[in-house]
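These numbers were taken from a predicted model, which means no experiment stands behind them. We count ligands from 1, going down the list as the structure has it; atoms in each ligand are counted the same way.
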Amino acid sequence: MRKYNPREIESKWQKIWEEKEIYKTPSDSDKPKYYALVEFPYPSGEGLHVGHAFTYMVLDVLARKKRLSGFNVLYPMGWDAFGLPTENYAIKTGIHPAIVTKNNTDRFRRQMKDLSLAYDWTREINTTDPHYYKWTQFIFLQLYKKGLAYKAEVPVGWCPSCKVVLANEEIVAGVCERCNTKAQKRLQSQWLLKITDYADRLADDLDLVDYPESVKLAQRNWIGKSAGVEINFPVKGKDFSISVFTTRPDTIYGVTFVVLAPEHKKLFDIVTKEQHASVSQYIEKAKSKSELERVSQAKDKTGVFTGSYAYNPLTKEEFPVWVADYVVGSYGTGAVMGVPAYDERDKDFVTRYNLSIKEIPLENIESITEKIVKSGFGRKQTNYHLRDWVFSRQHYWGEPIPIVYCDRCGMVPLKEEDLPLKLPNIEKYHPTDTGESPLAKVEEWVNTKCPICGGAAKRETDTMPNWAGSSWYYLRFCDPQNIEVFASSDSLNYWLPVDIYLGGAEHTTLHLLYSRFWHKFLYDQGLVPELEPYKSRRQHGMILAENGEKMSKSKGNVINPDSMIEKFGLDALRIYLAFMGPYDQTMPWSTSGVEGARRFLARIWNLFNSEKLSNTNSQILLQELQKTIKKVGSDIDNLKNNTAVAALMSFVKEWEKGETLSPDAAKDFLIILAPFAPHIAEELWQSLGGAFSIHNQSWPAYDKELIKEENINIAVQVNGKTRAVISLPQAVPQENLIQKAKQSSAGKYLEGKEILKEIIVPGKIINFVTR
Ligand code: ANZ
Ligand code: ZN
């Protein structure tokens with residue numbers, strides 16, 4: 001008997017499958033489609049670790065099962081390859097980012113192929129490829145033309161020591177990631193995308209999709225739709241008012257002060273001479289705090305009196321006006337009415353400064369709103385916490401923004417036929433000390449001609465953020481080689497929406513929201529067919545080191561799939577990854593678990609090489625197999641790969657007890673094993689004379705008759721008296737149970753009576769209460 005030698009089998013089949021392109025997805029097919037998408041990775045220098053492998057296995061099993069079940073499955077992979085780490089690495093080593101990217105993607109691809117992930121590699125995409133980013137730039141131009149891409153002065157992170165603009169991800173705990181200097185803020189002109197125009201639809205259309213409730217909630221909170229009232233508090237001795245935004249107009253009679261944000265435009269119009277110095281000093285200090293620090297400060301809320309007073313327009317009662325940085329300038333009107341009796345923040349504030357608290361009963365919210373609006377001092381207003389998306393970066397390794405500045409014509413977009421605007425190949429990507437992008441120094445590139453008048457013009461030198469390329473990549477997978485359009489409408493009509501999208505929780509309010517925004521915009525332009533890109537979304541857990549710590553390079557506890565494959569074989573690794581637990585859990589790694597998976601596969605190997613594979617089927621085992629087919633199939637469909645593997649294991653245990661299985665039945669077993677352990681399944685399949693390849697077969701149908709569950713007896717009662725006993729399968733749905741009970745001989749006791757309710761004791765009794 002041949003011994004189970006996984007590495008030999010595995011490399012043999014990997015080669016054959018790749019040659020025969022068995023995972024290639026035809027673009028036209030009569031089969032129903034299924035689009036399974038997992039977030040494409042940023043190809044870091046560290047390569048894949050087992051956490052990636054765990055995630056990829058979740059959909060790999062599903063995609064394989066869907067193929068076997070007769071779907072035309074789109075299951076693609078690519079690289080989200082622009083971004084800072086690559087640029088920083090290039091600065092450190094002097095190796096060009098394009099070369100770093102190539103090396104890293106080559107390594108990732110090799111590792112994924114080593115895991116036998118069933119991607120259609122002919123559809124591979126790379127966001128740094130000009131053939132790809134041509135369309136990222138194209139979409140930007142459409143946004144620009146519709147007024148949804150605009151420039152404005154916004155606060156950006158700034159490192160005074162490195163003299164560079166810091167992206168949010170470069171500010172770690174308030175300091176510059178590189179030199180640990182405290183990050184500052186400064187105003188700089190940036191590109192923004194008007195995602196706020198889509199706030200309502202982004203929130204409302206969550207009703208159309210199947211996402212985890214936690215994800216929907218997080219997106220809704222992030223969008224932060226808030227209905228309230230703007231109320232004008234006239235300033236004493238001035239001819240203007242301070243307008244505040246409140247969601248609690250019912251507390252208006254409890255107001256004891258008004259507070260402005262340090263950025264409020266009218267602040268210095270009301271600050272008195274006496275208070276001028278202390279207010280100026282205060283707002284200087286506030287400048288160094290981030291918005292998050294400001295709104296999350298606990299009890300220590302600070303502020304300064306402006307010297308002025310405002311009054312309640314309904315009662316003419318007067319209050320002091322303060323400035324305090326717990327009010328943010330960019331939300332609502334940048335001013336708040338202080339109601340310490342009802343608002344915790346206001347209460348902290350008055351406690352600190354000894355201001356008064358007024359206890360009052362609440363008004364009816366509708367009638368007081370009415371009253372305020374009628375008085376002429378207020379109006380209803382809906383605000384959103386969502387901000388426009390800051391879309392430019394002062395870095396090299398990103399998509400150039402296709403805009404030029406002409407002295408005569410102003411800001412001019414490139415013509416679509418001139419795309420892609422390629423990133424010039426340069427040697428120095430160091431940020432400039434002026435805060436401009438490194439591209440600003442590349443004169444041959446910056447100086448260009450105006451697309452309108454042909455006169456001298458300068459290119460925009462900012463690049464796009466790394467969120468750009470990932471905002472539409474699922475569209476490109478539908479038709480990755482198209483040079484006329486980003487994807488043909490036929491291909492989009494066929495493949496969209498993505499049926500399942502698996503990714504990480506960290507993308508909930510960034511990538512996932514950004515891509516929904518782009519999609520809706522493209523939908524409005526008639527460029528994509530569906531309102532939502534992803535029909536369902538699932539979020540995966542994380543793999544920790546054996547001791548429960550996070551895996552990280554610095555801790556030196558990263559487990560690499562390559563070493564596991566080397567030691568135990570790929571099928572064993574795959575079985576372990578599928579078996580280790582529910583896909584959405586965070587769990588510690590266990591190398592002995594992989595060893596156990598290897599032993600399990602060796603047991604299967606031995607069964608197929610023993611007299612337990614014979615020409616007769618044991619009836620019991622055949623019945624067991626039908627149940628296993630059913631369970632494994634429905635578990636995979638529900639992403640419960642761990643319990644599917646458990647079912648395979650318990651079947652193997654039954655088989656080992658001495659019963660026999662015929663080759664035909666054994667082949668069915670191999671097909672349901674194939675999504676998890678594709679190599680051993682193919683090898684044993686071939687040894688039974690199966691046609692190439694097992695991965696192109698059909699998922700076996702199970703014999704419903706054989707898995708009929710045993711029936712149970714249920715007493716049918718009418719008003720507590722047993723009138724009949726019926727026999728039904730255990731898992732019968734409630735409606736069927738009620739129907740069957742009425743049709744039984746107890747039915748005549750119900751004639752002409754009104755049934756008030758049915759009381760069901762599961763598995764035992766159904767009692768009709770009648771009148
Ligand atoms: C009086 C009041 C009484 C408030 C009360 C709340 C509770 P959301 O739901 O987030 O819209 N607010 C308004 N603008 C603000 C700003 N720029 N910075 C900080 N806080 C601001 O919250 C709206 C509430 O947050 C508003 O309603 C206002 O305080 C405060 F018992 O007005 B409220
Ligand atoms: Zn011009």
Query raised in the report: For His385, is at least one N or O under 3.5 Å away from an N or O on ligand 1?
Result: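 Yes; the residue has a nitrogen or oxygen that sits under 3.5 Å from a nitrogen or oxygen of the ligand.
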Query raised in the report: Would Asn466 and Tyr42 count as having a side-chain donor-acceptor pair, cut-off 3.5 Å?
Result: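 Per modelled atom types, Asn466 and Tyr42 side chains form no pair under 3.5 Å.
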Query raised in the report: Going by atom types alone, do Glu39 and Gln539 pair a side-chain donor with an acceptor below 3.5 Å?
Result: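 Not at all, the side chains of Glu39 and Gln539 share no donor-acceptor pair under 3.5 Å.
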Minimum-distance protein heavy atom relative to [atom]:
| atom | answer |
| --- | --- |
| atom 5 (C) of ligand 1 | Arg248 CG, 3.6 Å |
| atom 6 (C) of ligand 1 | Asp343 OD2, 3.3 Å |
| atom 18 (N) of ligand 1 | Val328 N, 3.0 Å |
| atom 27 (O) of ligand 1 | Thr247 N, 3.1 Å |

Counting from 1, what ligand 1 atoms have a heavy atom of [X] closer than 4.0 Å?
| X | value |
| --- | --- |
| Arg345 | 20 (N), 25 (O), 29 (O), 30 (C) |
| Tyr326 | 19 (C) |
| Tyr342 | 31 (F) |
| Val327 | 16 (C), 17 (N), 18 (N), 19 (C) |
| Phe245 | 11 (O), 13 (C), 26 (C), 28 (C) |

Report task. Report yes or no: does Ser226 have a heavy atom closer than 4.0 Å to ligand 1? Result ->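 Under 4.0 Å: yes for Ser226.
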Query raised in the report: Does ligand 1 have an atom under 4.0 Å from some heavy atom of Asn383?
Result: no
Report task. Could you please spell out the steps behind the side-chain contact (heavy atoms from CB on, under 4.5 Å) verdict for Leu355 and Phe319? Result -> CA-CA 10 Å; Leu355 298 168; Phe319 321 110; over 6 Å; no
Report task. Would you mind telling me if ligand 1 is within reach of the side chain of Thr251, the backbone, both or neither, using heavy atoms under 4.0 Å? Result ->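 Near ligand 1, Thr251 shows its side chain, while the N, CA, C and O stay back.
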Requested in this report: Of all the heavy-atom pairs spanning Tyr133 and Pro400, show the shortest one and how long it is.
Outcome: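 Between these two residues, the closest heavy atoms are CE1-CD, 4.3 Å.
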Query raised in the report: Looking only at heavy atoms, what is the nearest atom pair of Arg387 and Ser330, with distance?
Result: NH1-O, 2.6 Å
**Report entry** Identity of the nearest option to atom 15 (C) of ligand 1, non-hydrogen atoms only, from Val336, Val339, Asp250
**Finding:** Val336
Report summary line: Of Thr382, Asn221, Asp346, Thr246, the residue with the heavy atom nearest atom 33 (B) of ligand 1 is Thr246
Report task. Report yes if the distance between the aromatic ring centroids of Tyr35 and Tyr474 is under 6.0 Å, otherwise no. Result ->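 Centroid distance Tyr35-Tyr474: not below 6.0 Å, so no.
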Report task. Give a yes or no on whether the ring-centroid distance for Tyr473 and Phe477 is below 6.0 angstrom. Result -> yes
Query raised in the report: How are the rings of Phe486 and Phe138 set relative to one another: parallel (under 30°), tilted (30 to 60°) or perpendicular (over 60°)?
Result: tilted
Report task. If the plane angle is over 60° it's perpendicular, under 30° parallel, otherwise tilted; pick one for Phe349 and Tyr326. Result ->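 Rings of Phe349 and Tyr326: tilted, 30 to 60°.
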Query raised in the report: Below 4.0 angstrom, N of the basic side chain to O of the carboxylate: do Asp210 and Arg538 qualify?
Result: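 Judged by the 4.0 Å cut-off on N to carboxylate O distance, Asp210 and Arg538 do form a salt bridge.
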